[in-house]
Amino acid sequence: MQPASKLLSLTLLVLMGTELTQVLPANPEESWQVYSSAQDSEGRCVCTVVAPQQTMCSRDARTKQLRQLLEKVQNMTQSIQNLDQRTQKDLQYVQRMEVQLRGLESKFKQVEESHKQNIAKQYKAIKAKMEELRPMIPVLEEYKADAKLVMQFKEEVKNLTSVLSELQEEIGAFDYEELHNRVSNLEERLRACMQKLACGKLTGISDAITIKTSGSRYGSWMTDPLAADGDTRVWYMDGYHNNRFVREYKSMADFMYSDNFTSHRLPHPWSGTGQVVYNGSIYFNKFQSNTIIKFDFKTATISKSGQLDYAGYNNRYHYSWGGHSDIDLMVDEGGLWAVYATNQNAGNIVISKINPLTLQVIKSYTTNHPKRSAGEAFMICGTLYVTNGYSGGTKVYYAFHTNSSTYEYIDIPLQNKYSHISMLDYNPRDRALYAWNNGHQVLYNVTLFHVIRSEEL
């Protein structure tokens with residue numbers, strides 16, 4: 001009973017224990033209370049909670065969900081009351097036992113101190129009884145702790161019931177479409193807020209975890225960071241040029257333990273190992289060009305294509321390992337990125353934020369790091385991390401922060417288990433780095449550090 005009770009207590013405390021600072025709504029006529037802003041002018045994330053002051057349409061499905069939630073809490077209240085009654089009875093019983101047990105323990109100590117004055121048989125009987133009752137002491141302590149938890153449950157559920165009841169009384173006449181739009185807006189803002197709060201500075205990379213050994217020395221593999229819950233498909237692309245076939249494995253387990261896969265034929269061969277699967281489509285660099293292609297797996301057609309102006313291609317500005325790795329597409333918490341180099345930036349790395357629907361460049365950042373000197377690179381939370389090489393001892397040693405257009409030199413070891421890394425990409429859903437290491441598909445877990453300042457709360 002105790003572990004489950006503690007879990008319930010934690011859940012309710014999370015629901016009821018959040019402290020929010022109220023800020024007046026931008027438009028009071030909207031009758032919505034905004035308890036903080038989604039993001040300030042300096043880009044700092046502040047979570048937002050919005051609730052209707054008046055009433056919502058009783059036909060809204062969320063109204064039904066609210067009533068169901070209230071019923072569940074009321075049922076929970078009844079269950080806790082029953083549990084409380086039983087616990088109180090048990091507590092009274094064990095409390096009486098505690099008094100007897102403590103008294104018996106005291107007498108036993110007295111007997112031990114003056115055992116010469118007692119008959120040996122009585123002494124042995126008392127000692128046996130004491131040994132029989134001694135295990136009840138920790139049980140008694142657990143009962144007392146459970147009784148305290150039950151009292152906490154009662155208070156927390158009482159508070160939660162009160163809040164839900166007040167909210168239910170306010171349900172009434174809001175237009176459904178308006179409410180739906182506001183809820184969708186809230187969800188979008190909260191999602192963006194949570195993504196930003198989940199971000200942080202890279203401080204560590206785990207040892208390599210080998211998932212599979214297959215394919216040639218070069219290639220790429222990935223999962224879709226925007227895939228629906230339960231969708232664990234794995235995408236696999238062997239080689240770095242003159243290949244059009246992408247393998248789809250229905251799960252990570254299938255990828256690891258079987259050869260069951262679906263093969264997709266792309267309309268053009270790809271270049272390099274910088275492909276990404278994002279929201280059901282694969283984005284890749286068309287061989288011998290600076291063209292990016294978006295290929296939809298469902299329709300098996302090109303849904304969009306576009307050029308990266310001035311981007312070097314055809315092994316002009318590759319990573320230090322070569323392999324036509326001029327244009328590297330990446331995904332992080334902020335979306336789709338392209339990393340490449342141009343003559344205009346003297347062969348140094350350029351980072352471009354890409355609109356995944358139109359393939360238009362939203363914004364570009366120029367760095368001072370030569371593309372050909374980089375072993376591999378990946379994006380986490382808007383920061384480009386670059387390794388010092390692809391073979392032997394490897395580390396992440398350069399970071400460019402797009403939010404401030406600044407860079408720094410760092411020193412984070414990266415285990416190069418099989419001595420040749422030709423693909424390294426971050427997946428924000430898994431919080432892991434996917435790598436192709438000399439014919440081995442490996443994963444690295446990452447550690448991110450984020451300091452939440454008072455002005456961000």
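Taking each heavy atom of Lys304 and Leu357 in turn, the nearest pair found is CG-O, 3.7 Å. The two residues Arg372 and Asn315 have their closest heavy-atom pair at NH2-O, 4.0 Å. Of all non-hydrogen atoms in Asn368 and Pro370, the two that sit nearest each other are O-CD, 3.6 Å. Leu359 and Ile292 make their closest contact through CD1-O, 3.5 Å (heavy atoms, listed as atom of the first residue, atom of the second, distance).
Residue Lys212 qualifies as enclosed at atom NZ: its count of foreign heavy atoms under 6.0 Å is above 12. Around atom NZ of Lys201, no more than 12 heavy atoms belonging to other residues, nucleotides or ligands sit under 6.0 Å away. When the shell of 6.0 Å around CZ of Phe287 is examined, it contains more than 12 heavy atoms from other residues, nucleotides or ligands.
To the nearest 0.5 angstrom, Glu376 atom CD is 5.5 Å from Asp328 atom CG. Distance check: Ile380 CD1 to Tyr426 OH gives 5.0 Å after rounding to the nearest 0.5 Å. Atom-to-atom distance recorded for Leu202:CG and Leu433:CG is 7.5 Å, nearest 0.5 angstrom. Here the CD1-OG1 distance, from Ile421 to Thr273, works out to 11.0 Å after rounding to the nearest 0.5 Å. To the nearest 0.5 angstrom, Phe297 atom CZ is 6.5 Å from Leu266 atom CG. Taking NE2 of His241 as the start and OG of Ser271 as the end, the distance is 9.0 Å to the nearest 0.5 Å.
Residues Asp326 and Asn314 form no side-chain contact, since every pair of their non-hydrogen atoms from C-beta on lies 4.5 Å or further apart. Side-chain contact between Ser352 and Ile354 is present, with heavy atoms from C-beta onward closer than 4.5 Å. Glu248 has its side chain out of reach of Phe261: every pair of non-hydrogen atoms, C-beta onward, lies at least 4.5 Å apart. In this structure the side chain of Asn285 never reaches within 4.5 angstrom of the side chain of Trp270, judged on heavy atoms. For the pair Tyr434 and Trp221, the minimum side-chain heavy-atom distance is below 4.5 Å. The shortest side-chain heavy-atom distance between Thr383 and Thr402 does not fall under the 4.5 Å cut-off. Ile351 places a side-chain heavy atom less than 4.5 Å from the side chain of Met379. Put simply, the side chain of Leu448 does not reach to within 4.5 Å of the side chain of Thr203, judged on heavy atoms.
Aromatic ring centres of Tyr398 and Tyr385: separated by at least 6.0 Å. Aromatic ring centres of Phe400 and Tyr407 lie farther apart than the 6.0 Å criterion allows. In summary, the aromatic rings of Tyr418 and Trp436 are positioned with their centroids too far apart to meet the 6.0 Å limit. Taking the six-membered ring where the residue is Trp, the centroids of Tyr218 and His420 are separated by under 6.0 Å.
Ion pairing between a basic and an acidic side chain is recognised when a charged N comes within 4.0 Å of a carboxylate O; Asp296 and Lys298 show no such pairing. The existence of a salt bridge linking Arg429 and Glu333 is excluded, since no basic side-chain nitrogen approaches an acidic carboxylate oxygen closer than 4.0 Å.
The backbone N or O of Gly392 lies less than 3.5 Å from a partner atom in the side chain of Thr394, making a donor-acceptor pair. Under a 3.5 Å cut-off, the side chain of Asp332 and the backbone N or O of Gly335 do form a donor-acceptor pair. In this structure, Arg244 contributes its side chain and Pro267 its backbone to a donor-acceptor pair below 3.5 Å. Formation of a donor-acceptor pair under 3.5 Å by the Glu408 side chain with backbone atoms of Ala399 is not found in this model. No donor-acceptor distance shorter than 3.5 angstrom exists from the side chain of Gln344 to the backbone of Ala341, with no hydrogens or angles considered. When atom types are taken as modelled, the side chain of Gln441 and the backbone of Ser214 share a donor-acceptor pair closer than 3.5 angstrom. Checked by atom type and distance alone, the side chain of Asn243 pairs as donor or acceptor with a backbone atom of Asp238 at under 3.5 Å. A donor-acceptor pair under 3.5 Å links the side-chain atoms of Thr358 to the main chain of Gln360, judged by distance alone.
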**Prompt:** Passes side chain to side chain contact (heavy atoms under 4.5 Å, CB included), Lys395 versus Leu414? Steps please.
**Reply:** CA-CA 5 Å; Lys395 65 179 180 180; Leu414 176 68; 5.6 Å; no
**Request:** Decide yes or no on side chain to side chain contact (heavy atoms under 4.5 Å, CB included) for Met330 and Leu384, but give the supporting numbers first.
**Result:** CA-CA 10 Å; Met330 308 174 182; Leu384 179 73; 4.0 Å; yes
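A cation-pi arrangement, defined by a distance under 6.0 Å to the six-membered ring centre and an angle within 45 degrees of its axis, is present between Lys371 and Tyr319.
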